[in-house]
Student: 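The following block contains the structure, expressed as structure tokens.
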2 protein chains.
Amino acid sequence: MSQSPPDLYQVKEKMYVATDCIIFGFDAGRLKLLLFKRELAPLVGEWSLIGSFVRLDEDLDIAAKRVLKNTTGLENVYMEQLKSYGKKDRDPGYRCISVAQFALIRLEDHDEKLVEEHGAHWHDIMKLPHLILDHQEMVQDALERIRQKARFQPIGFELLPEKFTIPQLQMLYEAIYQKELDSRNFRKKLMALNVLVKLDEKDKSGSKRGAFLYKFNNGNYQKLLKSGYNFEIA
Amino acid sequence: MSQSPPDLYQVKEKMYVATDCIIFGFDAGRLKLLLFKRELAPLVGEWSLIGSFVRLDEDLDIAAKRVLKNTTGLENVYMEQLKSYGKKDRDPGYRCISVAQFALIRLEDHDEKLVEEHGAHWHDIMKLPHLILDHQEMVQDALERIRQKARFQPIGFELLPEKFTIPQLQMLYEAIYQKELDSRNFRKKLMALNVLVKLDEKDKSGSKRGAFLYKFNNGNYQKLLKSGYNFEIA
DNA sequence: CCAAAAGTGTTGGTAATACACCCATGG
DNA sequence: CCATGGGTGTATTACCAACACTTTTGG
């Protein structure tokens, strides 16, 4: 803001297209968002989402995947376009529209060193710092979309390790909806869906007794979708 | 994102940003879509959505409203961004991403002459012609969004005249979901919401007996929203 | 042995579905 | 007077929400 580029006038004659990634993770019972501390002017030291201009020879979704890979090392994760943000003055430097896309990743899988190199940190979504431009709005919209979506699709599984316990899954849903759920009802509804496979192992990290691990059965889920079921969990 | 723009943007061809409008109406028990017959090369004679490039000094949503006003004469109608389409080869002429936005309009209100001048026609959504580029995909995505949305919000009212009958409203929902509904149950659920105001007039166009006209009570709807109700109708 | 989390069933109320007949009227 | 669509009620079922105690085991 303080340092407009010298060729501001020229730059404003062009429409730029960027993509910003809203990267969610889940850890220790909390929904987390990956944010970046800007190291360059303008807006040094401010937090933002990570983004990039879309290349001329690149599909929109490929651009977002490139950004995600560069910053987390991850490929083949759940990613979905949210919407585009295009107020004419949203970026003081350029006339730029941004296509926001959100990703759900398994925290355990990502490349921590790479993330650090980029000046990135995971923030609890309930305690977000101030974000530049309209990034705050993007994050709120993404949360809303996830809540909406989780009602009918088991997207929660994208955020958990491959093997997870029921209490973990419940905590995730509680984090998404910011609401406590009854463990008996949660378990009941979940089991009725028949999309979980119980394993023989237990995870003892959360309690002395240990909780059984499960994995997601995608085949059964696809069947369920075809038969027209819907997933409302909260 | 305000980072320094890569040089290739200055030198090479531009990235264009367009917006396409998916305009829905409802008439004679049918959901309709407004389509335009191209009068210029390339793709003369093919059907398409109506769109425009987004101006440099124009918000994204303003661009869509401008297009809508130009072609239908309408302002202040329900309009919502769907998503952006950005495959690198989606348009053979330019590198162009398109932000699709859909509108729900009251057919009776629109300017028929203006629409005709633009070579536009209303098409039954069940009998759409072939559309250029990725416009078919946009329409399908928009229908999906409307179905999803109509489950929790009374968007149907945007498509009906201010005064409408219950059977009309039911036909609209049947058109949206492509599914027959039981008139007793439909009425019951609807009345329980307490968002309709019964008028003293009847509409006799649909039957000899005539059906009572109602209007939508937005105040009650807002209250309902706050109290956390949801609208699932089909 | 006890703290801390995992796991388990029942019940009452509410909402969804299925279903069939009478009403009002214009032609 | 009859064809056409408008309008109404009930019984059954399925689902949701509320609720409290027992189990396991590491420390």
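Naming convention: chains lettered A, B, ... in sequence-line order (proteins, then strands); numbering from 1 in each chain. The analysis underlying the following values was restricted to heavy atoms, covering all of them including side chains, and did not include hydrogens, waters or symmetry mates. Quick caveat: nothing in here was measured; it's all calculated off a predicted structure.
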Student: Do the side chain of A/Arg145 and the main chain of A/Leu82 share a donor and acceptor less than 3.5 angstrom apart?
Tutor: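 Such a contact is found between A/Arg145 side chain and A/Leu82 backbone.
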Student: Separation of B/Met191 atom CE from D/dG6 atom P, in whole Å?
Tutor: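 That distance rounds to 13 Å.
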Student: Where the side chain of A/Arg187 is concerned, which of C/dA6, D/dC19, D/dG9 is the nearest nucleotide?
Tutor: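 Of C/dA6, D/dC19, D/dG9, C/dA6 is nearest to the side chain of A/Arg187.
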Student: Roughly how many Å is it from CD in B/Glu174 to P in D/dG5, rounded to a whole number?
Tutor: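 That distance rounds to 14 Å.
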Student: Measure from CZ on A/Arg184 to P on D/dA20 and round the result to the nearest Å.
Tutor: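 Atom CZ in A/Arg184 sits about 7 Å away from atom P in D/dA20.
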Student: Measure from CG on B/Leu193 to P on C/dA15 and round the result to the nearest Å.
Tutor: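 So the CG-P distance, B/Leu193 to C/dA15, works out to 11 Å.
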Student: Looking at B/Lys202 and B/Arg209, what are the two nearest heavy atoms and their distance?
Tutor: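 B/Lys202 and B/Arg209 have their closest heavy atoms at NZ-O, 3.5 Å.
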Student: Could you please name the option among C/dC19, D/dA18, C/dA6 that lies closest to any side-chain atom of A/Pro167?
Tutor: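 Of the candidates, C/dA6 comes closest.
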Student: Between P on C/dA6 and CZ on A/Phe212, what's the gap in Å once rounded to a whole number?
Tutor: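 Rounded to whole Å, this separation is 13 Å.
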Student: Whole angstroms only, please: what is the CZ-P distance between B/Phe186 and C/dA16?
Tutor: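 Interatomic distance, CZ of B/Phe186 to P of C/dA16: 13 Å.
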Student: Could you tell me the separation between the CG atom of A/Asn185 and the P atom of C/dG13, rounded to a whole number of Å?
Tutor: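 Between P of C/dG13 and CG of A/Asn185: 17 Å.
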Student: 5'-most contact on DNA chain D: B/Gln168 or A/Ser183, nearest heavy atom basis?
Tutor: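 The answer here is B/Gln168.
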Student: If you measure only the distance, is there a donor-acceptor pair under 3.5 Å linking the side chains of B/Glu144 and B/Gln148?
Tutor: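 Side-chain D/A pair, B/Glu144 to B/Gln148: absent.
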Student: Treating B/Gln101 as the side-chain partner and B/Met79 as the backbone partner, does any N or O pair qualify as donor plus acceptor under 3.5 Å?
Tutor: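 A pair under 3.5 Å: no.
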Student: Does the cation-pi check pass for B/Lys87 over B/Tyr85, that is, NZ or CZ under 6.0 Å from the six-membered ring centre and within 45° of its axis?
Tutor: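 Judged by the rule (NZ or CZ under 6.0 Å from the ring centre, within 45° of its axis), B/Lys87 is not positioned above B/Tyr85.
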Student: Quick check: on DNA chain D, is the nucleotide nearest A/Lys188 upstream (toward 5') of the one nearest B/Lys198, or the reverse? Name the residue that is more 5'.
Tutor: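 Whichever sits nearer the 5' end wins; that is B/Lys198.
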Student: So, using salt bridge (Lys or Arg N to Asp or Glu O under 4.0 Å) as the criterion, who are the partners of A/Asp27 when residues are at least two apart?
Tutor: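 Salt bridge (Lys or Arg N to Asp or Glu O under 4.0 Å) check on A/Asp27 returns nothing, list empty.
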Student: Whole angstrom is fine here: how far is it from CD1 in B/Ile166 over to P in D/dG5?
Tutor: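 Rounded to whole Å, this separation is 18 Å.
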Student: For residues 158-169 of chain B, which side-chain donor-acceptor pairs fall under 3.5 Å, sequence neighbours excluded?
Tutor:
unit_1   : atom_1 : unit_2   : atom_2 : d
B/Lys163 : NZ     : B/Glu201 : OE1    : 3.4
B/Lys163 : NZ     : B/Glu201 : OE2    : 2.8
B/Thr165 : OG1    : B/Gln168 : N      : 3.2
B/Gln168 : OE1    : B/Thr165 : N      : 3.1
B/Gln168 : NE2    : B/Asp203 : OD2    : 3.4

Student: Contact list please: residues 201-211 of chain A against DNA chain C, heavy atoms, distance less than 4.0 Å, in numerical order.
Tutor: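 Under 4.0 Å from DNA chain C: A/Gly206, A/Ser207, A/Arg209, A/Gly210, A/Ala211.
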Student: From the options D/dA18, C/dT17, D/dC16, select the nucleotide whose nearest atom is closest to the side chain of A/Lys189.
Tutor: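 From the listed options, D/dC16 comes nearest.
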